[in-house]
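Below: the structure, in structure tokens.
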Amino acid sequence: MSKTVQIALGDVKPLALSILSSFGYGPNHADAIAQMLTTCQLDDCHSHGLFRLFMCIESIKAGKIDGQVEPEISDESTGIVRADARRGMSLLAMEAAIPMLIDKAREHGIAALAINRCFHFSALWPEVERLSNEGLAAMAMVPSHAWVAPAGGTRGTLGTNPLAFSWPRQGTTPFTFDFATSAFARGEIELYKRAGKSLPDGVAIDAEGNPTNDPGAALQGAMLTFGGHKGSALSIMIELMAGPLIDDLTSLESMAYAQGKGGAPYHGEIMLAFDPVRFSGGNRADNDARAERLFADIIDQGARLPSQRRYAARARNLERGYVEIASSLYEDLLALRAWATTRARQKRSGA
Ligand code: NDP
Ligand code: PYC
């Protein structure tokens, strides 16, 4: 980041809330979204922190999302919870459904949550990490829009399709990873464009199908999966598991639904929860110790575990009492809020 500003921890969520409310999100959605953005910003997850307010606002301006609607949660069968977001943002549905998912996982050893008909913009790690803080292992995945070419292909068919996993650890933070199956998340490419930076090789092709390092051309063309055919296959799995399996849209269908109007993709999300108490054959302590030996062997050779950068950022930001974001982002957010406040005043006065 070039020039940055510091935002006191206590000011992050109110900033997000004021922008979301002034653009028409009701208090429950605004709170769930602002909490997610604050959680991500605290861990220096810039591509899915305050920056994602733009996608949330674009979504409401596009006119398809319902900023007020309450989700409906149903106990679908032994191991399945279903949450109908009813064209709202995914996060309120997730909030409302997670307690039932946890209860079912503890009761049966394994349970799944299918969220349907949701707009989705957020990182997945806060969701899986939350389950691990309850002692469960968890996975989550979602499609997005058809921005990503399959390995060997030339046009967007797949989404940026993140996959998140979390494993509970006794007395310390969970082992968690969360990554897009595209080489870069789209949010990351957008941040490169804002910063005027070139992309590394292997991230995207332009609209003519030629490799490009220009983030603008990448956004117009197609993104590439990470790891060639391997990332491509994982991405297809996510399309299937969080799409047809749960009666919801693929990234191609989400893109068609948007009719070019922008905003967050519209689709489903699947989350799986596993209770180690139930799976570990009565040997929980032994199995936890074996997992810890695995982690230790990785760290001993100088490698790091996924999420350690995030946890270090969280500790540092909590200690110093502020987060740091690009000055240009902060100015754009203040301008967005000022615009919405002026518009609201004009509406009240009938101008
Ligand atoms: P990153 O490439 O930033 O990170 C991927 C994962 O790898 C993280 O868990 C990270 O841990 C870990 N990691 C990174 N470097 C190392 C390393 N050297 N050694 C070990 N582990 C490492 O993620 P992406 O840019 O792909 O995704 C960012 C976010 O975007 C995700 O949270 C994802 O959910 C979100 N996203 C959401 C989408 C949606 O549709 N809702 C679509 C696509 C992405 P650490 O954080 O500690 O560095
Ligand atoms: O960064 O790829 C991305 C993304 C898509 C939807 C939300 N984030």
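Numbering of ligands and ligand atoms starts at 1, following listing order.
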Checklist entry - Any salt bridge between Glu129 and Arg310, counting N to O under 4.0 Å? => result yes
Checklist outcome for this item: Less than 4.0 Å from some atom of ligand 1, heavy atoms are found in residues His48, His120, Phe121, Ser122, Ala123, Leu124, Trp125, Val142, Pro143, Ser144, Thr160, Pro162, Phe177, Asp178, Phe179, Ala180, Ala185, Arg304, Pro306, Ser307, Gln308, Arg309, Arg310
Less than 3.5 Å apart, which donor and acceptor atoms pair up between the side chains of residues 23-30 and the rest of the protein, not counting sequence neighbours?
unit_1, atom_1, unit_2, atom_2, d
Tyr25, OH, Cys56, O, 2.6
Asn28, ND2, Glu70, OE2, 2.7
His29, NE2, Val69, O, 2.7

Checklist entry - Between Phe119 and Tyr266, what is the ring plane arrangement, given parallel below 30°, perpendicular above 60°, and tilted in between? => result tilted
What side-chain donor-acceptor pairs closer than 3.5 Å can you find for residues 299-306, not counting sequence neighbours?
unit_1, atom_1, unit_2, atom_2, d
Gln301, NE2, Asp297, O, 3.1

Checklist entry - Are any side-chain N or O atoms of Asp248 and backbone N or O atoms of Gly243, one a donor and one an acceptor, separated by less than 3.5 Å? => result no
Item to check | Test item: Thr341 side-chain N/O and Arg337 main-chain N/O as donor-acceptor pair under 3.5 Å | outcome: yes
Item to check | Flag side-chain contact, heavy atom, 4.5 Å: Asp103 against Glu107 | outcome: no
Mind listing the N or O contacts between ligand 2 and protein, cut-off under 3.5 Å?
unit_1, atom_1, unit_2, atom_2, d
ligand 2, 1 (O), His48, NE2, 3.2
ligand 2, 1 (O), Arg52, NH2, 3.2
ligand 2, 1 (O), Arg186, N, 3.2
ligand 2, 1 (O), Gly187, N, 2.8
ligand 2, 2 (O), Thr160, OG1, 2.8
ligand 2, 2 (O), Arg186, N, 2.9
ligand 2, 8 (N), His48, NE2, 2.8
ligand 2, 8 (N), Arg52, NH2, 3.3

Item to check | Electrostatic pair Arg117:Asp84 at N-O distance under 4.0 angstrom | outcome: yes
Checklist entry - If only atom types and distance count, is the side chain of Asn116 paired as donor or acceptor with the main-chain N or O of Ile246 below 3.5 Å? => result yes
